[in-house]
Amino acid sequence: MPAGDFAARSLSSLSEDERLFQTNVYLFADREVRPLVRDMDEHAKIPRDLIDKLFDLGVMSIEIPEAFGGAAGSFFHAVLAVEALSRVDPSIGVLVDVQNTLVINALLRWGSDHVKHHYLPLLAANMLGAYALSETGSGSDAFAMGTRAIEQADGWAITGRKLWITNGNEANLFIVFANVKPEAGSRGITAFLVERGFNGFTVGKKEDKLGIRASSTCELLFDDCRVPPANVLGEVGKGYKVAIETLNEGRIGIGAQMIGLAQGALDHAIKYIKERKQFGRSIAEFQAVQHQVARAATELEAARLMVYNAARLRDEGRPFLTEAAMCKLYSSEVAERVTSLAVNLFGGNGFVKDYPVEKLFRDAKIGQIYEGTSNLQLETISKQLLR
Ligand SMILES: Cc1cc2nc3c(=O)[nH]c(=O)nc-3n(C[C@H](O)[C@H](O)[C@H](O)COP(=O)(O)OP(=O)(O)OC[C@H]3O[C@@H](n4cnc5c(N)ncnc54)[C@H](O)[C@@H]3O)c2cc1C
């Protein structure tokens, strides 16, 4: 084994730059996001002003090179940002997550020179992105999509309907997957870059959700939507690769969202149990309560190490498929357990909207659904083990 391998840092140790970045993002979240959390949840809306501030902070263009106006950071930086923001509001966490780990990530990896020169500066400045794969009939079985693209003399015409698209309400650029040759099955799937203003494209119904309510989730409608030839992302017929490989990385970001929100719930619970008195003492003095909190913190630490490890592997260019699936599976389960405990520890106050943990409990549920349900993560993991 090369000597360098022994010099590896502990999983949770951060470089000076990473620590400063994490602190800055958390301080921003505490100052700019926290006061808006309840209102954003109630009105199911993120103010544009807050999105602009996220652009100013540099967290909307983390991996974009400086030459295109980005922050020239790593994937690990994106994970730190999503975690820090989700500790305050997982809806803001996922907005930033989709922009970085799905949209920008896919453009950096698959975009032509033209695509990079045209769109990366816009994404770094103020353009929000979305990633449109799912449809009514194709969720887990994503490649059974019904959306079609037909080649025209001057580009492509897309017709179909996408469902559940995060950032749909605010985004200006959509990565849209459509099949150009249905008889070829998944080998006909192609990724297209569609701007909000393109003819034949409209954003439809916005979903009224259980959790991450401020994050918009929309239907997209394509009726002979015209897309220029230069807006094919990657190769025609290779969209399945764009979809799979981007989501493999993206789910590490969902892991980061889950550990962030679990940490937020634990922070609230620890503060509350020290203040709340029953039987003449603070409830934090009861050993049963102390042990519950200790178990939650232990599980959260394990989930964080898994998320950080998957992100580091990805940045090192090493295989990370199994670790990414494991970190999303486990961190979403931990988030559900930790937020549920936080509700319990708040007692009746945990069940009402005047206190913050009820919302985080609702927000946690999505981690087991999007970017591949828990069953699908188990499929990925077992396939790797049994091949
Ligand atoms: C809030 C929200 C935001 C989203 N954002 C996006 C987005 O930005 N872009 C996007 O493209 N999509 C997005 N999605 C869609 C999301 O990725 C899908 O909902 C998810 O992949 C599950 O698909 P489905 O809803 O069709 O469920 P189904 O695939 O119908 O699954 C239903 C149940 O069956 C199980 N199941 C299905 N197949 C199998 C199998 N082979 N083995 C075992 N169990 C199985 C599942 O695990 C699940 O429990 C979002 C969804 C939500 C709710």
Side-chain angles (χ1 to χ4, degrees), residues 40-41 44-46 82 86 89-106 128-147 158 160-179 189 191-194 203-222 233 239-240 242-251 253-254 257-258 261 325 328-329 332-333 335-336 359 362-383 386:
M40 290 194 295
D41 184 56
K45 194 165 171 43
I46 301 175
V82 173
S86 301
D89 193 339
S91 287
I92 304 302
V94 74
L95 178 114
V96 169
D97 177 65
V98 168
Q99 174 86 351
N100 286 285
T101 75
L102 296 183
V103 177
I104 290 170
N105 193 5
L128 185 67
Y131 186 89
L133 179 65
S134 305
E135 300 182 4
T136 331
S138 60
S140 299
D141 187 11
F143 294 161
M145 66 184 64
T147 299
I158 302 180
R161 187 171 156 235
K162 295 287 174 183
L163 204 64
W164 309 118
I165 307 310
T166 300
N167 294 351
N169 198 39
E170 304 85 5
N172 289 309
L173 184 66
F174 298 77
I175 298 181
V176 178
F177 294 89
N179 202 320
I189 293 170
F192 296 92
L193 292 168
V194 176
V203 175
K205 179 178 165 249
K206 184 171 144 230
E207 304 296 337
D208 188 5
K209 307 195 297 294
L210 169 75
I212 58 162
R213 290 177 50 75
S215 159
S216 65
T217 309
C218 301
E219 176 187 34
L220 309 180
L221 306 160
F222 303 88
L233 180 63
Y240 67 95
V242 178
I244 294 178
E245 294 188 12
T246 312
L247 285 171
N248 285 343
E249 302 188 352
R251 62 181 57 113
I254 301 305
Q257 183 198 28
M258 291 296 117
L261 83 85
K328 181 189 181 270
L329 173 76
S332 59
E333 289 176 355
E336 188 177 52
K359 173 186 177 294
R362 286 188 280 110
D363 289 346
K365 194 66 216 173
I366 192 59
Q368 295 176 36
I369 300 172
Y370 60 15
E371 297 203 23
T373 65
S374 290
N375 275 356
L376 271 286
Q377 304 310 320
L378 290 167
E379 280 286 304
T380 301
I381 298 162
S382 52
K383 247 188 223 152
L386 304 174

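Indexing begins at 1, ligand by ligand and atom by atom, following the structure's order. The residues of the chain are indexed from 1 along the displayed sequence.
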Let's go through N167 and L95 carefully: what are the C-alpha distance in whole Å and the side-chain angles of both, what is the deciding distance for side chain to side chain contact (heavy atoms under 4.5 Å, CB included) to 0.1 Å, and is it a yes or a no? CA-CA 6 Å; N167 294 351; L95 178 114; 3.6 Å; yes
Under 4.0 Å and counting heavy atoms only, is there anything from the protein next to [atom]?
atom                    : result
atom 34 (O) of ligand 1 : no
atom 52 (C) of ligand 1 : yes
atom 28 (P) of ligand 1 : yes
atom 41 (N) of ligand 1 : no
atom 12 (N) of ligand 1 : yes

Who's the nearest protein heavy-atom neighbour of [atom], and how far?
atom                    : result
atom 48 (C) of ligand 1 : T373 CG2, 4.0 Å
atom 7 (C) of ligand 1  : W164 O, 3.2 Å
atom 44 (N) of ligand 1 : N375 ND2, 3.0 Å
atom 39 (C) of ligand 1 : L376 CD2, 3.9 Å
atom 9 (N) of ligand 1  : Y131 O, 2.7 Å
atom 20 (C) of ligand 1 : I369 O, 3.5 Å

Any atoms of ligand 1 less than 4.0 Å from a non-hydrogen atom of [X]? List them with their elements.
X    : result
E371 : 17 (O)
K209 : 1 (C)
I366 : 1 (C), 2 (C), 52 (C), 53 (C)

Sole candidate of L233, V242, T147 that passes side chain to side chain contact (heavy atoms under 4.5 Å, CB included) when paired with F177: V242
Backbone or side chain, does any N or O of L133 fall under 3.5 Å from an N or O of ligand 1? yes
Report the member of [options] with the shortest heavy-atom distance to [atom].
atom                    : options                : value
atom 3 (C) of ligand 1  : T166, L163, I175       : T166
atom 21 (O) of ligand 1 : A142, G137, G139, S216 : G139
atom 16 (C) of ligand 1 : S140, G372, S134       : S134

Using a 4.5 Å cut-off on heavy atoms from C-beta on, say whether the side chain of Q257 contacts that of D363. no
Would R213 and D208 pass as an ion pair if we require N to O under 4.0 Å? yes
Quick test of your reading of the model: are E135 and R161 salt-bridged, counting only N-O distances below 4.0 Å? no
For S216 and E170, what are the C-alpha separation, side-chain angles and deciding distance, and is it a side-chain hydrogen bond (donor to acceptor under 3.5 Å, both in side chains)? CA-CA 8 Å; S216 65; E170 304 85 5; 2.8 Å; yes
Just by distance, no angles: are the side chains of D97 and T101 close enough, under 3.5 Å, to form a donor-acceptor pair? yes
Hey, could you give me the [atom1]/[atom2] distance between [X] and [Y], rounded to the nearest 0.5 Å?
X    : Y    : atom1 : atom2 : answer
L221 : L163 : CG    : CG    : 9.5 Å
N169 : I46  : CG    : CD1   : 9.5 Å
T166 : L102 : OG1   : CG    : 8.5 Å

Assert yes or no for the condition that the ring centre distance of F192 to F174 is strictly below 6.0 Å. no
